[in-house]
Amino acid sequence: MNFVSRKLWIVGGMSLALGACAGRNVAPVQKYSLGVARADYRDYTGAKANICDAEPRWLTDELSAVNGLMTRFLSETEQVKNPQSVDYARSVELLKEAAGSLEKVMKVHQNNLQAVQKCGFAKSGAFPDMTKRGTELLEQSRARLAEGGQLLALEEVQRKWKEEAPRREQAARQEWCAKNPEVGSTDLYYARKHADGRTEWFFCDGHIVQSAANGGEPTLVSPEGLSAKERRKVKPPRYLEAAAGYPVEEMDKQPASVADAAAPAPAPAPAQGTAAGGN
């Protein structure tokens with residue numbers, strides 16, 4: 001082979017190689033952040049690229065990064081079922097952030113883990129353990145997102161219940177109370193029970209009986225501005241007795257589940273006390 005023929009052969013070979021490379025689709029790097037966690041990944045399926053053409057070392061870094069992100073997500077949302085935890089608020093905020101974005105990343109990761117099993121290097125190095133761990137993390141993360149979805153839905157219905165409670169209270173007052181109720185009459189028109197067990201019973205004369213979440217003894221709270229004469233009319237045991245007799249099924253209860261919120265609200269009970277023949 002003379003010099004010119006050899007040169008043409010080399011150039012032609014290089015052109016074929018470049019053409020082959022140019023014919024391969026390349027998946028662009030995508031960046032994702034969740035809280036303080038970061039991960040770079042590629043959507044090989046979406047780009048119609050062959051994941052087996054990827055450099056194994058770089059692919060290991062990409063898959064490990066997403067595994068690490070899911071591990072951190074699970075760790076930092078672990079307290080979503082424990083409202084008393086100091087990490088509860090942070091867990092809820094991270095779930096809200098993940099709700100609209102993490103599933104997309106996990107779907108790409110799932111496709112990548114499935115596709116890489118067809119590669120020649122699938123059973124070498126860190127790939128076997130990494131793909132197994134990734135599959136486990138996907139299942140756990142989806143379960144956590146589902147829990148988070150239920151939690152956020154419950155949080156919303158509880159917020160709405162709390163927001164609308166004063167309106168329901170006022171409606172019951174207008175229905176069951178006299179225009180100028182007599183102090184000491186113990187006419188009870190409305191009771192509200194929170195999800196944590198705190199309960200309040202409202203009386204037409206402005207008194208409120210309150211029961212703590214921990215099951216402590218109910219206490220009577222008097223309205224401000226009572227005269228000495230009016231205070232003498234107030235007999236605390238009668239208010240406590242009226243509160244104890246209020247039908248539990250007719251209380252305005254804060255939903256403890258989304259299903260509770262879908263149930264029809266109970267009709268307010270008639271005012272109880274002297275006006276109702278209770279004293």
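Keep in mind that the numbers below use all heavy atoms, side chains included, and drop hydrogens, waters and symmetry copies.
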- Query: Can you list the steps and then say if Glu93 with Lys96 is a salt bridge (Lys or Arg N to Asp or Glu O under 4.0 Å)?
  - Reply: CA-CA 5 Å; Glu93 286 304 311; Lys96 289 180 179 179; 3.7 Å; yes
Sidechain-backbone polar pair: [X] side chain, [Y] backbone, donor-acceptor under 3.5 Å:
| X | Y | value |
| --- | --- | --- |
| Asn112 | Arg42 | yes |
| Glu230 | Ser227 | yes |
| Tyr239 | Gly184 | yes |
| Asp87 | Arg90 | no |
| Lys253 | Val248 | yes |
| Gln254 | Ala195 | yes |
| Ser141 | Leu138 | no |
| Glu76 | Leu94 | no |
| Arg168 | Trp161 | yes |

Does some side-chain heavy atom of [Y] sit less than 4.5 Å from a side-chain heavy atom of [X]?
| X | Y | value |
| --- | --- | --- |
| Tyr32 | Gln30 | no |
| Arg173 | Tyr190 | no |
| Phe202 | His207 | no |
| Asp205 | Asp187 | no |
| Glu182 | Lys233 | yes |
| Leu95 | Phe73 | yes |
| Met106 | Leu145 | yes |
| Pro56 | Phe127 | yes |

- Show your working on side-chain contact (heavy atoms from CB on, under 4.5 Å) between Ile51 and Asn111 and close with a plain yes or no. CA-CA 10 Å; Ile51 197 171; Asn111 290 339; over 6 Å; no
Search all heavy atoms of [X] against all heavy atoms of [Y] and return the closest pair with its distance.
| X | Y | value |
| --- | --- | --- |
| Pro128 | Ser124 | CD-O, 3.5 Å |
| Val157 | Leu154 | CG2-O, 3.1 Å |
| Leu63 | Met130 | CB-SD, 3.7 Å |
| Ala39 | Ala65 | CB-O, 3.8 Å |
| Arg38 | Leu34 | NH1-N, 4.5 Å |
| Ser211 | Trp201 | CB-CZ3, 3.7 Å |

How far does [atom1] of [X] sit from [atom2] of [Y], to the nearest 0.5 angstrom?
| X | Y | atom1 | atom2 | value |
| --- | --- | --- | --- | --- |
| Thr199 | Gln210 | OG1 | CD | 10.5 Å |
| Asp129 | Ser64 | CG | OG | 10.5 Å |
| Glu97 | Ser33 | CD | OG | 6.5 Å |
| Thr131 | Gln117 | OG1 | CD | 5.5 Å |
| Gln79 | Ser91 | CD | OG | 6.0 Å |
| Lys107 | Leu102 | NZ | CG | 14.0 Å |

Should we say atom [atom1] of [X] is surrounded by more than 12 heavy atoms from elsewhere, each under 6.0 Å from it?
| X | atom1 | result |
| --- | --- | --- |
| Glu217 | CD | no |
| Glu78 | CD | no |
| Gln170 | CD | yes |

- Message: Checking Asp40 against Lys31 for the salt bridge (Lys or Arg N to Asp or Glu O under 4.0 Å) test, could you report, in this order, the C-alpha distance in whole Å, the side-chain angles of both residues, the deciding distance, and whether it holds?
- Response: CA-CA 5 Å; Asp40 290 351; Lys31 298 182 179 295; 3.2 Å; yes
- Message: Ring centroids only, cut at 6.0 angstrom: are Tyr189 and Phe203 within range, meaning strictly under it?
- Response: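 Not under 6.0 Å, so no.
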- Message: Under the criterion side-chain contact (heavy atoms from CB on, under 4.5 Å), I'd like the reasoning laid out for Glu200 against Lys193: C-alpha separation, chi angles, the key distance, then a yes or no.
- Response: CA-CA 6 Å; Glu200 301 160 306; Lys193 186 172 184 178; over 6 Å; no
- Let me see the working for Leu59 and Phe121 under side-chain contact (heavy atoms from CB on, under 4.5 Å), right down to the final yes or no. CA-CA 11 Å; Leu59 184 58; Phe121 51 76; 3.8 Å; yes
- Message: As a quick check of understanding, evaluate side-chain contact (heavy atoms from CB on, under 4.5 Å) for Leu137 and Leu74, giving each step before the final call.
- Response: CA-CA 9 Å; Leu137 289 168; Leu74 290 167; 3.8 Å; yes
[Y] and [X] side chains, donor-acceptor separation under 3.5 Å:
| X | Y | answer |
| --- | --- | --- |
| Asn82 | Tyr88 | no |
| Glu62 | Tyr44 | yes |
| Thr77 | Arg144 | yes |

- Task: Could you give me the CA-CA distance, side-chain angles and deciding distance for Arg159 and Glu163, then say whether salt bridge (Lys or Arg N to Asp or Glu O under 4.0 Å) is met?
- Result: CA-CA 6 Å; Arg159 182 200 64 77; Glu163 183 181 272; 2.9 Å; yes
- Query: So among Glu136, His109, Arg72, Arg133, which one has a side chain to side chain donor-acceptor pair (under 3.5 Å) with Asn67?
  - Reply: His109
- Task: Applying salt bridge (Lys or Arg N to Asp or Glu O under 4.0 Å), name anything that partners Asp61, two or more places apart in sequence or on another chain.
- Result: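 Here no residue qualifies.
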- Message: The test is side chain to side chain donor-acceptor pair (under 3.5 Å); show your working for His194 and Asp196 and say whether it passes.
- Response: CA-CA 5 Å; His194 298 263; Asp196 61 4; 5.3 Å; no
